[in-house]
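Okay, so here's the structure we're looking at.
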Amino acid sequence: MKLKRNIIPKLIGIVILILLCLILLIPDLALRTAVFWRSPVKAFTMEYEEDVAYEKRDGLDENTKLYRITKNIPHEEATDADLVIWQVSRWGPFYIGDCYGW
C-alpha cells in the first residue's frame, strides 16, 4: 500500500512532463494550445492553413510562421473581433503559439 502512494504521484508528474514536451515540440499542438486558451471548443474543431503571403508582407524571420484559421474562428468579446491570424514562433526546439491579429 505504501509503495502505491509513492509511485502514483511520480507517474502523474512524468505523464504531465511528457504531455508538456509534446505540446511544445510540435507546431500544430502549440497552435491548438494557444487557441485553446481563448476558445477551448474551437481549438478542437478549427481548420487552418499556413499564410505565406502575410509572412512575406510583414517580413518575419524563418523562426516564425503565420497561420490563418479558415473554419471555426475564435471570437474575442472584449474587442468584438475574430482572431484569424495566429503565429507560431520557434525558440530552440520549442514552439510557442500566440494570436497575431485579425
Side-chain angles (χ1 to χ4, degrees):
M1 188 70 169
K2 187 175 182 181
L3 183 64
K4 286 185 180 180
R5 281 191 213 162
N6 290 338
I7 292 178
I8 292 176
K10 290 178 185 177
L11 288 176
I12 291 173
I14 290 170
V15 168
I16 290 173
L17 184 65
I18 290 171
L19 287 175
L20 183 62
C21 284
L22 282 176
I23 289 172
L24 293 176
L25 291 174
I26 301 171
D28 177 57
L29 291 179
L31 175 64
R32 289 188 183 274
T33 303
V35 174
F36 180 81
W37 293 118
R38 300 285 176 107
S39 177
V41 173
K42 300 208 177 185
F44 294 107
T45 60
M46 71 176 190
E47 293 181 14
Y48 62 92
E49 59 188 22
E50 189 173 348
D51 198 347
V52 179
Y54 212 78
E55 284 177 29
K56 288 180 182 177
R57 190 192 79 183
D58 286 357
L60 299 174
D61 61 353
E62 67 270 356
N63 292 329
T64 303
K65 299 283 184 196
L66 293 182
Y67 295 94
R68 177 181 300 274
I69 297 178
T70 56
K71 289 188 181 175
N72 295 326
I73 301 168
H75 184 77
E76 185 173 7
E77 295 296 328
T79 59
D80 194 32
D82 290 333
L83 305 174
V84 178
I85 306 293
W86 291 76
Q87 73 177 3
V88 176
S89 301
R90 183 176 183 177
W91 294 3
F94 302 111
Y95 292 94
I96 306 294
D98 194 22
C99 183
Y100 189 74
W102 32 271

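Sequential numbering from 1 along the given sequence is applied to the chain's residues.
Within the model, atoms OG of Ser39 and CZ of Phe44 stand 10.5 Å from one another, a figure rounded to the nearest 0.5 Å. Atoms CD1 and CG, on Ile18 and Leu25 in that order, are 12.0 Å from each other to the nearest 0.5 Å. Trp91 CH2 to Leu24 CG: the interatomic distance, rounded to the nearest 0.5 Å, is 11.0 Å. Residue Cys21 holds its SG atom at 12.0 Å from CD1 of Ile16, rounded to the nearest 0.5 Å. Separation of atoms CG (Asp51) and CH2 (Trp86) is listed at 14.5 Å; rounding is to 0.5 Å. One distance of note links OH of Tyr95 with CG of Asn63; it measures 8.5 Å at 0.5 Å rounding.
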Asp80 vs His75, side-chain contact (heavy atoms from CB on, under 4.5 Å): CA-CA, chis, key distance, verdict: CA-CA 7 Å; Asp80 194 32; His75 184 77; 3.0 Å; yes
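Here the side chain of Arg32 pairs no donor or acceptor atom with the backbone of Ala34 at under 3.5 angstrom. Without hydrogens or angle criteria, Arg68 side chain to Glu49 main chain gives no donor-acceptor distance under 3.5 Å. In this structure, the side chain of Asn72 engages the main chain of Thr45 through a donor-acceptor pair within 3.5 Å.
Taking every heavy atom of both residues into account, Ile69 and Pro74 meet most closely at CD1-CD, 3.8 Å. Taking both residues in full, the closest heavy atoms of Ile73 and Lys42 are given as O-NZ, 3.2 Å, listed atom of the first, atom of the second, then distance. In terms of heavy atoms, Arg38 sits closest to Leu83 at NH1-CD1, 3.3 Å.
Using a 4.5 Å cut-off between side-chain heavy atoms of Ile, Leu, Val, Met, Phe, Trp and Tyr, with links allowed through other members, Leu19 and Leu29 fall into different hydrophobic clusters. Cluster membership check: Tyr48 shares its hydrophobic cluster with Val84, using side-chain heavy-atom separations under 4.5 Å among Ile, Leu, Val, Met, Phe, Trp and Tyr. Taken together through direct or relayed side-chain contacts under 4.5 Å among Ile, Leu, Val, Met, Phe, Trp and Tyr, Trp37 and Val41 form parts of separate hydrophobic clusters.
Taking the side chain as every heavy atom from C-beta outward, Ile85 and Tyr67 never approach each other to under 4.5 Å.
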